[in-house]
Amino acid sequence: MELINWFIDFILHMDKHLGEIIQSVGIWSYLLLFGVIFIETGVVIMPFLPGDSLLFAAGALAGTTGVFNPVVLFALLAIAAILGDTANYWIGHSIGPKVFSGNNRFLKKEHLEKTQAFYEKHGGKTIFLARFIPIIRTFAPFVAGVGKLRYGYFITYNFVGGIIWTGLFIFGGYFFFLMGQRQVAQQFVLR
């Protein structure tokens, strides 16, 4: 039971364990982070994985450990985020019609039609803004696929949102660390 509790804590708070991960697997941490970001954005049943905090922590650790190159980290994780949303879109696109075809009191054809109307009107904004809202970021591309949002429209907002989201948090963490380090150095010199 203790092992299960440790595993759950590790998964839910991976951002806090990132230093341990880097020490254990070194350069392979890139691959692990890629997988977490891909799964968090690409698998509709995994919205509890860390996203924003993991990106921020990875950016901060890029400034402290030197294991991560912040530009490489940004490029890889932006690709993971874009691919994750794309996979989630296609999952929704392929299973959506099947789910709404039967007689289910919760999943009615009229709900699908309302979803399609919503995404026709607000689809781009939803895909972009959902990047910055935990849990919603996992469901928005899936629902966009279910709602048959035009793929060309989806991928444009997915691409822009994925780049801005990862860049904001990775470089935010990186520069937050550097600014903190600079302030400490200035206080030391002033003494």
Side-chain angles (χ1 to χ4, degrees), residues 5-22 24-25 27-65 67-93 119 122-147 149 154-178 180:
N5 288 337
W6 174 87
F7 182 73
I8 291 170
D9 176 68
F10 183 80
I11 294 297
L12 293 178
H13 305 286
M14 191 175 295
D15 53 329
K16 295 177 184 170
H17 298 288
L18 196 52
E20 299 168 29
I21 294 168
I22 292 170
S24 298
V25 297
I27 198 80
W28 293 101
S29 302
Y30 282 114
L31 184 61
L32 178 68
L33 292 174
F34 184 95
V36 170
I37 295 301
F38 177 83
I39 291 168
E40 194 253 352
T41 59
V43 180
V44 76
I45 59 171
M46 300 296 271
F48 55 83
L49 288 174
D52 305 335
S53 59
L54 186 63
L55 293 172
F56 190 85
L61 285 172
T64 61
T65 64
V67 171
F68 294 135
N69 176 318
V71 175
V72 172
L73 188 67
F74 161 68
L76 283 174
L77 299 187
I79 291 168
I82 292 165
L83 290 176
D85 261 23
T86 302
N88 211 347
Y89 171 89
W90 286 112
I91 292 168
H93 187 81
Y119 271 92
H122 304 289
K125 290 182 284 194
T126 302
I127 296 304
F128 178 80
L129 293 174
R131 284 282 186 193
F132 301 93
I133 306 169
I135 298 175
I136 302 299
R137 106 174 107 250
T138 305
F139 290 105
F142 178 80
V143 175
V146 170
L149 178 65
F154 167 82
I155 196 66
T156 300
Y157 284 94
N158 175 21
F159 188 81
V160 171
I163 288 173
I164 292 174
W165 176 62
T166 54
L168 182 69
F169 284 97
I170 289 171
F171 292 117
Y174 182 75
F175 289 117
F176 179 79
F177 170 77
L178 291 181

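Values in this document were obtained by computation on a predicted structure and should not be read as measured data. The residues of the chain are indexed from 1 along the displayed sequence.
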What residues form a side-chain contact (heavy atoms from CB on, under 4.5 Å) with V43, not counting sequence neighbours?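 Listed in chain order: I39, I45, M46.
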Residues in ring pair (Phe, Tyr, Trp, His ring centres under 6.0 Å) contact with [X], at least two apart in sequence or another chain:
X    : result
F154 : Y89
F38  : none
W28  : none
F128 : F132

For a quick test of reading the model, state the closest non-hydrogen atom pair linking I91 to G42 and the distance between them.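 Looks like CD1-O, 3.9 Å.
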Heavy-atom closest pair, residues A144 and I127: CB-CD1, 3.9 Å
For S29, give me all partners under side-chain hydrogen bond (donor to acceptor under 3.5 Å, both in side chains), at least two apart in sequence or on another chain.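 Per chain and number, S29 pairs via side-chain hydrogen bond (donor to acceptor under 3.5 Å, both in side chains) with no residue.
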Would you list the pairs meeting salt bridge (Lys or Arg N to Asp or Glu O under 4.0 Å) in which at least one residue belongs to residues 67-76, sequence neighbours left out?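 Every pair satisfying salt bridge (Lys or Arg N to Asp or Glu O under 4.0 Å) with a residue in residues 67-76: there are none.
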Going from CD1 on I155 to CG on L149, what distance comes out if it is rounded to the nearest 0.5 angstrom?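 I155 CD1 to L149 CG: 11.0 Å, rounded to 0.5 Å.
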Point-to-point distance, once rounded to the nearest 0.5 Å, from CG of L33 to CG of L77: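 Reported to 0.5 Å precision, the distance equals 5.5 Å.
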What donor-acceptor contacts under 3.5 angstrom involve side-chain atoms of residues 162-171, with partners at least two apart or in another chain?
residue : atom : partner : partner atom : Å
W165    : NE1  : D52     : OD1          : 2.6
W165    : NE1  : R131    : O            : 3.1
T166    : OG1  : G162    : O            : 2.8
T166    : OG1  : I163    : O            : 3.3

Extract all donor-acceptor atom pairs below 3.5 Å that involve side chains of residues 67-75 and protein atoms in other chains or at least two apart in sequence.
residue : atom : partner : partner atom : Å
N69     : OD1  : V71     : N            : 2.8
N69     : OD1  : V72     : N            : 3.3

Within residues 72-83 or reaching into it, pairs that qualify as side chain to side chain donor-acceptor pair (under 3.5 Å) - sequence neighbours excluded: none
Sort and list the pairs that fulfil side chain to side chain donor-acceptor pair (under 3.5 Å) and have at least one residue in residues 32-45, not counting sequence neighbours.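 Qualifying pairs, neighbours excluded: E40-R137.
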Verdict with reasoning, L83 to F34, per side-chain contact (heavy atoms from CB on, under 4.5 Å): CA-CA 10 Å; L83 290 176; F34 184 95; 4.2 Å; yes
Beyond-backbone contact of [X] with [Y], side-chain heavy atoms, under 4.5 angstrom:
X    : Y    : result
V143 : T126 : no
F177 : L61  : no
N158 : T86  : yes

